[in-house]
Amino acid sequence: MMLPVPADYVLARDLCSYGYFLLEPNLWDPASCVYTTTLDLGGVAVTLRVTQGARGSTRAAREGDREHAAGGALTVKADRPLDAAQRRLVRAQLSRILRLDESVRTIEAFHRADPRFAASGRGRLMRSASLFEDVLKTVTSCNVTWPSTVGMNRKLCAVFGRRSASGGRAFPTAARLAAARPATLRARCSVGYRDARIVELARIFNAAAKGRRAGFDPAAAEDGTLTDDALFDALIELPGIGPYAAANILQLLGRYSRLPLDTESIRHGRTVLGYKGSAAQVMKKVRRHYEPFGEHRFRSYWFELWEYYESKRGASWTWERETTGKTFTASKLD
DNA sequence: GGTAGACCTGGACGC
DNA sequence: GCGTCCAGGTCTACC
């Protein structure tokens, strides 16, 4: 099937814009510029192969040539025949992952606030097929080094993910993890002390999907009716979600006003921004540094960080999941 | 309201 | 091959 995209959309640039593109079930192949993922459509899993036309080439993206890089509609090939309802689900989930809801106008608004990224056209941040997956990917990235995050997501898919016709594994649904035993998660997915928190999160999302009140409303979190502050307060009540994780989930929901600051931010403050002092002092200065970008401050922060990674490891679309993709953050950079 | 210590895993390192 | 140390955000108990 064909999937229409905003006029400025570049698959290589806009998919390889956030670390989750390196986590299963996602796979970006730098050699062929093919994005492969497996989605759970409820009862059946499908592995998809997503490509963009020649105009959306990595070469044009690499050279920051926006006019020629914008490559038109995506071609999506599934590993099994899909009925109309399944095709709608595929479109919805892919649109969420690729941020196709971010129009040219919203990206231009970011570039007006921070013109440094107008030439490259950066503005969209890749995310997951569902809010539940985004929450779990955030939880599995807390208090661990990146290779452990990669491992946990691989094992979660392998153990609990539905299998597609071609052997791909989707990310596990809330229903599947809600029924899991914490001890199994710990033993087979190496999630450590996150085991009970993950099951609890799954039960909350699963209950909400079945229309039961669960203290957190994923639909309200997605529909844009809550203020950023109200959404943050709701997220931080979830098990395993602290200030960093809540702020990160906010950006995954398209709210860029808060900064998920962590040890990586302190490194960035010292190494790139040249700040000195204790960790708390550097953190405060980093926060102040991004104040002028207002409601866009996360994107300014993130793409600054991302450019630093690319200066060390090459353009992100050239990273392979099993090699460069495991070494691109924090202490691994030097 | 602020802070110390426990929670786990995997990688690096020394022997 | 084994033991030790370290990185990493959240949670709880305590002051």
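By convention in this document, chain letters (A, B, ...) are assigned in the order of the sequence lines, proteins followed by strands, and residues within each chain are numbered from 1.
At dA7(C), none of the side-chain N or O atoms of Thr263(A) fall inside 4.0 Å of OP1 or OP2 (strictly under the cut-off). Distances shown here put a side-chain N or O of Lys155(A) below 4.0 Å from the OP1 or OP2 atom of dG10(B).
Within residues 181-198 of chain A, the residues having any heavy atom under 4.0 Å from DNA chain B are, by residue number, Arg186(A), Ser190(A), Gly192(A), Tyr193(A).
With a 6.0 Å cutoff to the six-membered ring centre and a 45° limit on the axis angle, Arg258(A) counts as a cation-pi contact of Phe232(A).
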Donor-acceptor pairs are to be reported for all side-chain atoms of residues 177-188 of chain A against protein atoms at under 3.5 Å, with residues two or more places apart or in another chain.
residue	atom	partner	partner atom	Å
Arg186(A)	NE	Gly192(A)	O	3.4
Arg186(A)	NE	Asp195(A)	OD2	2.9
Arg186(A)	NH2	Asp195(A)	OD2	3.3

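Classified by interplanar angle (parallel below 30°, tilted 30° to 60°, perpendicular above 60°), the ring pair Phe132(A)/Phe171(A) is perpendicular. Between Phe303(A) and Phe110(A), the ring planes are tilted. Angles from 30° to 60° get that label.
In this entry the distance linking CZ of Arg267(A) with P of dA7(C) reads 15 Å, nearest Å. For the pair Glu200(A) CD and dC11(C) P, the computed distance is 10 Å after rounding to whole Å. Trp146(A) places its CH2 atom 15 Å from the C1' atom of dG9(C), with the value rounded to the nearest Å. Nucleotide dG11(B) holds its C1' atom 13 Å from the CE atom of Met152(A), rounded to whole Å. Atom CG of Asn143(A) and atom P of dC6(C) are 16 Å apart (whole Å).
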So which protein N/O to nucleotides 2-5 of chain C N/O distances come out below 3.5 Å?
none

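A distance of 7.0 Å separates CG of Leu48(A) from CE of Met1(A), quoted to the nearest 0.5 Å. To the nearest 0.5 Å, atom OG1 of residue Thr51(A) and atom CG of residue Leu11(A) are 8.0 Å apart.
Remark: aromatic rings of Trp302(A) and Tyr18(A) are close, center separation under 6.0 Å. Taking the six-membered ring for Trp and the full ring otherwise, the centers of Phe298(A) and Tyr290(A) sit at least 6.0 Å from each other.
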